[in-house]
Every structure is written in structure tokens, then in C-alpha cells.
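All values reported here derive from a predicted model rather than from experimental measurement.
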Amino acid sequence: MSFVRDKFSAKFFLVLVIAVILIHVPIIGNYVKIINTLIHETGHAIIALFGGRVETISLFMNSEGATISNQSTWMGSFFTSLAGYTFASFTAFLSFWLLRRKKENMLIDIILAFIFLNLIFWVRNPYGIFWLCSFAAAFLLLLIKGSQRIRNHVLLLIAAIILVDSVQSAYEILFISVIQPQAAGDAANLARITGFLPASFWGLFFFLQAIWFCFYGFKRGYYKVGI
């Protein structure tokens, strides 16, 4: 038990519980989960730019998202499809790494960069624009008017939401890839691209990488925050 206590703080556990509860609250839950959706779709878009171009990104009220891009190569399509879940899991890991090292301003810059990149270049659907504008306005107001303590608490909650939803969404895609492979989103795309690896393989891959990032963050003590 002492090993576990050395790896995460009571504040992390409390915020994690709040994040789990919050993302399951009707309407509010879908709204806050879009931060992870935004990161997921941004991951697709960034990788797509290396071998093609991004047409649009859509963010929907049910917390789902979609990236439409054009790729000229098989490899570009493969890595673009692979990028969403892995980028979200990595960002969750990075968020706690930054918080543990007291680099809150860098995390703020990253969140704002995701928001404004999407608002300026990619997101065009009405709800997506509403979400980006409303979240950016609330976030900027917090930065301007909120105390350092409040900002740190909010950043910790955002990091926890990204962490929880990155794992939950990866589990959901694993579940769908087993019971309804053709509807498994990125896992189904990767199954079509590779041809010989089924959607369930990619669903399992997405879930395992999410768990690995969580475990590695725990092992490195990055969840011992806010103390």
C-alpha cells in the first residue's frame, strides 16, 4: 500500500472520481468529454498533414467527432487512422507530466493551441464552433480572473477528464470492434487498410495502449500532483 501511496496523491484520486462522475452527467458529461474528442481529432489532423490535407473536423453534441482528410499514400491513411486514440492517450499522459513538474502554463498553451487551430482551420459545423468558442471563452476568463489555485484545480480536472475519457473511449471502441466490427470507427478503418488484421485487433490495440500510458504515468509518479 505504501508503494501505491507513493505513486499518486489523494487529490489526484479525488479529482479522478469527480471526472468519472462528471462525464456521466447528462448533457454536461457530453460537453466536457469533447475536450478529449478535440484532442483525438486533432491527432488525426496533425498526422494527416504529413501526407495529405485536412478538409474538415466536426465536433458533435453527443461527444463524437469526425475528421475528413485526403491521403495520397497507404502509409498516410494508416498512420492517420492510428493517430486519434494514441494521441489522446499521450496527451493525457503529457498533461499529468506537465502538472507534476509545475509547468501549468505550458499545459494552458497546449489546450489553447488545440482550440484555436481547430477554430481557425478545421472545425466548421455549428455545434463544433459553439463548443470551441464557449470553452475558449470560459477558459480565458478563468485565466484572466481566476486565482492561481483555482487555475491549477481546473487544469487538474481537465487532465483527469482527458485521462478518464481516453481510457473509456478506447474500451468502447474495443467493445464495438468485437460485437459490430463494421461500425468500429478507427478500428474498422485500420481493418480495411491492413486487410488481414480484424477490427477487434485494432480495438484491443487502442485499449492496451491507453492502459499502458495510464500505467506508465502511475509508475513514474506523475499522478502525485497537487500536494
Side-chain angles (χ1 to χ4, degrees), residues 4-5 7-43 59-65 84-104 106-112 114-115 131-132 134-143 146-175 206-227:
V4 174
R5 287 195 298 269
K7 295 301 181 181
F8 69 83
S9 63
K11 179 174 284 189
F12 166 77
F13 182 77
L14 176 61
V15 173
L16 197 70
V17 171
I18 293 172
V20 170
I21 294 171
L22 191 60
I23 67 174
H24 290 95
V25 174
I27 302 176
I28 295 174
N30 284 342
Y31 181 87
V32 299
K33 283 167 62 177
I34 291 182
I35 185 64
N36 183 61
T37 305
L38 173 71
I39 295 166
H40 177 112
E41 302 303 336
T42 302
L59 304 172
F60 302 113
M61 192 178 296
N62 64 356
S63 81
E64 294 181 359
Y85 288 99
T86 52
F87 191 70
S89 297
F90 171 74
T91 302
F93 170 84
L94 177 64
S95 298
F96 281 99
W97 182 85
L98 291 171
L99 291 174
R100 178 61 175 154
R101 281 162 173 70
K102 309 297 183 183
K103 298 182 182 293
E104 293 86 0
M106 189 174 295
L107 179 56
I108 290 169
D109 290 342
I110 290 171
I111 293 171
L112 290 176
F114 286 155
I115 291 172
W131 187 90
L132 290 169
S134 62
F135 193 90
F139 197 60
L140 288 171
L141 183 64
L142 172 72
L143 297 180
S147 67
Q148 184 65 45
R149 183 178 181 184
I150 292 174
R151 288 199 295 269
N152 290 348
H153 280 100
V154 171
L155 287 171
L156 182 57
L157 179 59
I158 290 174
I161 289 169
I162 298 169
L163 177 67
V164 170
D165 198 44
S166 67
V167 175
Q168 178 175 289
S169 60
Y171 172 77
E172 288 171 354
I173 203 68
L174 169 60
F175 183 76
F206 287 139
F207 181 63
L208 291 178
Q209 63 83 32
I211 294 299
W212 183 85
F213 273 111
C214 285
F215 174 75
Y216 190 65
F218 169 77
K219 183 179 178 181
R220 300 292 296 178
Y222 297 155
Y223 303 145
K224 199 173 180 65
V225 292
I227 58 175

Ring centres under 6.0 angstrom apart (Trp212, Tyr216) = yes
Leu142 side, atom CG; Ile158 side, atom CD1 - distance, nearest 0.5 Å = 7.5 Å
Could you tell me whether the side chain of Gln209 and the main chain of Phe206 form a donor-acceptor pair under 3.5 Å?
-> yes
Near-ring test Phe87/His40, centroid separation under 6.0 angstrom = no
What is the distance from atom CD1 of Ile27 to atom CG of Asn62, rounded to the nearest 0.5 Å?
-> 13.0 Å
Any side-chain heavy-atom pair from Tyr222 and Ser95 closer than 4.5 angstrom?
-> no
Can you name the closest pair of heavy atoms from Glu104 and Leu155 and give their distance?
-> CB-CD1, 3.7 Å
Identify the two heavy atoms, one from Ile39 and one from Ile162, that lie closest to each other, and give their separation to 0.1 Å.
-> CD1-CD1, 3.5 Å
So how far is it from Lys224 NZ to Phe218 CZ, rounded to the nearest 0.5 Å?
-> 10.5 Å
Please examine the side chains of Leu22 and Val164, heavy atoms only from C-beta on, and report whether any two atoms are closer than 4.5 Å.
-> no
Inspect the surroundings of CD in Gln168 and state if more than 12 heavy atoms from other residues, nucleotides or ligands are less than 6.0 Å away.
-> yes
Would you tabulate the side-chain donor-acceptor contacts of residues 28-36 under 3.5 Å, counting partners in other chains and residues two or more places apart, or write 'none'?
{"residue": "Tyr31", "atom": "OH", "partner": "Ser134", "partner atom": "OG", "Å": "2.7"}
{"residue": "Tyr31", "atom": "OH", "partner": "Phe135", "partner atom": "N", "Å": "3.4"}
{"residue": "Asn36", "atom": "ND2", "partner": "Asp165", "partner atom": "OD2", "Å": "3.1"}

When rounded to the nearest 0.5 angstrom, what is the spacing between CD1 in Ile150 and CG in Leu143?
-> 12.0 Å
Closest heavy-atom contact between Thr42 and Leu38?
-> OG1-O, 2.6 Å
At what distance, to the nearest 0.5 angstrom, does NZ of Lys11 lie from CD1 of Ile18?
-> 10.5 Å
At their closest point, which heavy atom of Cys214 faces which heavy atom of Val167, and how far apart are they?
-> SG-CG2, 3.4 Å
Nearest heavy-atom pair of Val15 and Leu157: which atoms, and what distance?
-> CG1-CA, 3.6 Å
Ser89 side chain vs Ser166 backbone, donor-acceptor pair below 3.5 Å | no
Leu141 atom CG, neighbour heavy-atom count above 12 within 6.0 Å = yes
Nearest 0.5 Å, what's the OH-CD distance between Tyr85 and Glu172?
-> 8.0 Å
Taking the side chain as every heavy atom from C-beta outward, state whether Phe213 and Leu163 have any atom pair closer than 4.5 Å.
-> no
